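A short worksheet on the structure shown next.
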Amino acid sequence: MKILVTGGLGFIGSNFIRYTLKNSPETHVVNLDLQTYAGNPENLKDLSGDKRYFWVRGDISEPAIVGQAMAGCEAVVHFAAESHVDRSILDPGPFLKTNVFGTQVLLDAARAEKVKRFIHVSTDEVYGSIPGRRRSTEKDPLFPNSPYAASKAASDHLARAAFMTHGLPVIITRASNNFGPYQYPEKAMPLMITNFLENKSYPLYGDGLNVRDWLYVKDHVAAIAYVLRKGVPGEIYNIGGDTSLKNKELVSYVRKMMEISPSLVASVPDRPGHDRRYALNDSKLRKLGFKFQYPFEKALKETIDWYKTCPSWWKPLKESGGYRDYYQKQYLKKSVSLSLPS
Ligand code: NAD
Ligand code: TYD
């Protein structure tokens, strides 16, 4: 079978392609990826020479290239997105173009190609902040609070509409915060680990009491592959990590595992609209028969070890202009707003 993966040069997409080619010898993968700042051919360097893998450099919002890349594919697994909340606060435009418009272009092409499955990869952030001890189920309404989450919620609605209107066999997955190898070092977990490795401080937003549910990327991609085989069209499946931690707790977990002093954690002003808590109920996926494999502690240790052994992967990303500009912009924005008269 030939499948189209979008965003396969990114963090989760590259882990998914590696998992698929290893576990499904019959499958051929076309990877449609624009290679934005987050897309990195190094993430799949180990696949060079594998005739079952082919990368098309292109934009999911361009119908012509999407049609060509999808030709002959039986399934689509759609990861491509602008994915970082902080960037969406500074500039939502690319989030609307890729996450909303790009998703519709893919859905239209999938209908023309009559694909047998379209997996739309989404996030727990579409449910918004969840108070108390509740966990979001797939039936909950969507209350996204950041431009990123709003653009993903819009794309979820479009994916569902393609199923309801045209019978396109769409399945939506909504996962919690991922961590693991090849995650761009702007997200909390790799930023924390690589800053500690460089003896730099980690900026903890606000009071550090925001809760996230941590999911190892290897469990996430295995769950997506499982849903591709066993999931029911028109359904939504939550994929949680079963490891809810306050940000403060996560930092001290990582710090202790890496033997880092508490002085390397710096409190900084909070992210605007910072969601307090995400939590997923994923009993529907478990009932479908999926079994998670990685306990949090083992996964975290593997992840820290990976970043320790791969500075040649993450150092150039941290040193590149784009990364520095982004943080400088964010810093300047904060100093300006702090110095304004009340
Ligand atoms: P990422 O930012 O690491 O990778 C995104 C990839 O998409 C990059 O390779 C980039 O080049 C590509 N891309 C961006 N715009 C494109 C365009 N217009 N055309 C083609 N390719 C384009 O993202 P990620 O963390 O791997 O997330 C993948 C998906 O999983 C996203 O849809 C995200 O919303 C979802 N998700 C992520 C998490 C998480 O914790 N990272 C959790 C739940 C869901
Ligand atoms: P992030 O990895 O950006 O994922 P998301 O916001 O999509 O959940 O952030 C995870 C949590 O860590 C979130 O509560 C924000 C917080 N955070 C920090 O405290 N400091 C940071 O430098 C970053 C990037 C995130």
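Order of appearance sets the numbers: ligands from 1, and atoms from 1 within every ligand. Everything numeric here is computed off the predicted structure, so don't read it as measured data.
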- So, are Arg135 and Asp124 salt-bridged, with charged N and O less than 4.0 Å apart?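 Looking at Arg135 and Asp124, the cut-off is not met.
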- Can we say Lys301 and Asp305 salt-bridge, meaning some charged N sits less than 4.0 Å from an Asp/Glu carboxylate O?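 A salt bridge links Lys301 with Asp305.
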Please could you name the atoms of ligand 2 that [X] approaches to less than 4.0 Å, counting only its heavy atoms?
X      : value
Val85  : 6 (O), 7 (O)
Leu204 : 19 (O)
Glu125 : 5 (P), 7 (O), 8 (O)
Pro203 : 18 (C), 19 (O), 20 (N), 21 (C), 22 (O)
His84  : 3 (O)

Looking only at the aromatic ring of each residue, does the gap between the centers of [Y] and [X] stay below 6.0 angstrom?
X      : Y      : value
Phe143 : Tyr127 : no
Phe292 : Tyr216 : no
Tyr253 : Phe296 : yes

- Does the pair Asp282 and Arg174 meet the rule for a salt bridge (Lys or Arg N to Asp or Glu O under 4.0 Å), with working shown? CA-CA 9 Å; Asp282 61 12; Arg174 292 186 181 140; over 6 Å; no
In a simple table, one pair per line, please give the protein and ligand 1 atom names for every N or O pair closer than 3.5 Å, along with the distance.
from: ligand 1; atom 1: 2 (O); to: Ser83; atom 2: OG; distance (Å): 2.7
from: ligand 1; atom 1: 3 (O); to: Phe11; atom 2: N; distance (Å): 3.1
from: ligand 1; atom 1: 9 (O); to: Gly10; atom 2: N; distance (Å): 2.9
from: ligand 1; atom 1: 9 (O); to: Asp33; atom 2: OD1; distance (Å): 3.3
from: ligand 1; atom 1: 9 (O); to: Asp33; atom 2: OD2; distance (Å): 2.6
from: ligand 1; atom 1: 11 (O); to: Asp33; atom 2: OD1; distance (Å): 2.6
from: ligand 1; atom 1: 11 (O); to: Thr36; atom 2: N; distance (Å): 3.0
from: ligand 1; atom 1: 11 (O); to: Thr36; atom 2: OG1; distance (Å): 3.1
from: ligand 1; atom 1: 18 (N); to: Asp59; atom 2: OD1; distance (Å): 2.9
from: ligand 1; atom 1: 18 (N); to: Thr98; atom 2: OG1; distance (Å): 3.0
from: ligand 1; atom 1: 19 (N); to: Ile60; atom 2: N; distance (Å): 3.0
from: ligand 1; atom 1: 21 (N); to: Leu34; atom 2: N; distance (Å): 3.1
from: ligand 1; atom 1: 23 (O); to: Ser83; atom 2: OG; distance (Å): 3.3
from: ligand 1; atom 1: 26 (O); to: Phe11; atom 2: N; distance (Å): 3.3
from: ligand 1; atom 1: 26 (O); to: Ile12; atom 2: N; distance (Å): 2.8
from: ligand 1; atom 1: 32 (O); to: Phe79; atom 2: O; distance (Å): 2.9
from: ligand 1; atom 1: 32 (O); to: Lys152; atom 2: NZ; distance (Å): 2.7
from: ligand 1; atom 1: 34 (O); to: Tyr148; atom 2: OH; distance (Å): 2.6
from: ligand 1; atom 1: 34 (O); to: Lys152; atom 2: NZ; distance (Å): 3.1
from: ligand 1; atom 1: 40 (O); to: Asn178; atom 2: N; distance (Å): 2.9

- Query: Mind checking whether Phe118 and His78 have parallel, tilted or perpendicular rings, split at 30° and 60°?
  - Reply: perpendicular
- Message: In terms of relative ring orientation, are Tyr182 and Trp306 parallel, tilted or perpendicular, with 30° and 60° separating the classes?
- Response: tilted
Say whether [X] and ligand 2 are in contact under the criterion: heavy-atom distance to a ligand atom below 4.0 Å.
X      : result
Met192 : no
His274 : yes
Tyr148 : no

Please work out, at 4.0 Å between heavy atoms, whether the side chain, the backbone, both, or neither of [X] comes within that distance of ligand 2.
X      : answer
Leu191 : side chain
Glu186 : backbone
Asn177 : side chain

Has ligand 2 got any nitrogen or oxygen that is less than 3.5 angstrom from a nitrogen or oxygen of [X]?
X      : answer
Asn247 : yes
Asp86  : no
Lys187 : no
Tyr278 : no

- Between Arg18 and Asp46, does a side-chain contact (heavy atoms from CB on, under 4.5 Å) hold up when you go through it step by step? CA-CA 9 Å; Arg18 185 173 296 102; Asp46 50 318; 2.9 Å; yes
- Task: Count the heavy atoms of every other residue, nucleotide or ligand shown that sit under 6.0 Å from NZ of Lys246, and state whether that count exceeds 12.
- Result: no
- Answer yes or no: does atom CZ of Arg52 have more than 12 heavy-atom neighbours from other residues, nucleotides or ligands under 6.0 Å? yes
- Task: Identify which of Ser88, Ala188, Gly208 has a heavy atom lying nearest to atom 2 (O) of ligand 2.
- Result: Ala188
- Message: I want to confirm something. Looking only at heavy atoms, which of Phe179, Tyr202, Trp214 is nearest to atom 17 (N) of ligand 2?
- Response: Tyr202
- Query: Within a strict 4.5 Å, meaning less than it, do heavy atoms of the Trp314 and Leu197 side chains meet?
  - Reply: yes
- Query: Considering the options Ile3, Leu4, Val30, which one meets the side-chain contact (heavy atoms from CB on, under 4.5 Å) requirement together with Met70?
  - Reply: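 Option passing the side-chain contact (heavy atoms from CB on, under 4.5 Å) with Met70: Leu4.
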- Task: Applying side-chain contact (heavy atoms from CB on, under 4.5 Å), run through Asp140 and Arg134 and close with a yes or a no.
- Result: CA-CA 11 Å; Asp140 283 6; Arg134 266 202 74 245; 2.6 Å; yes
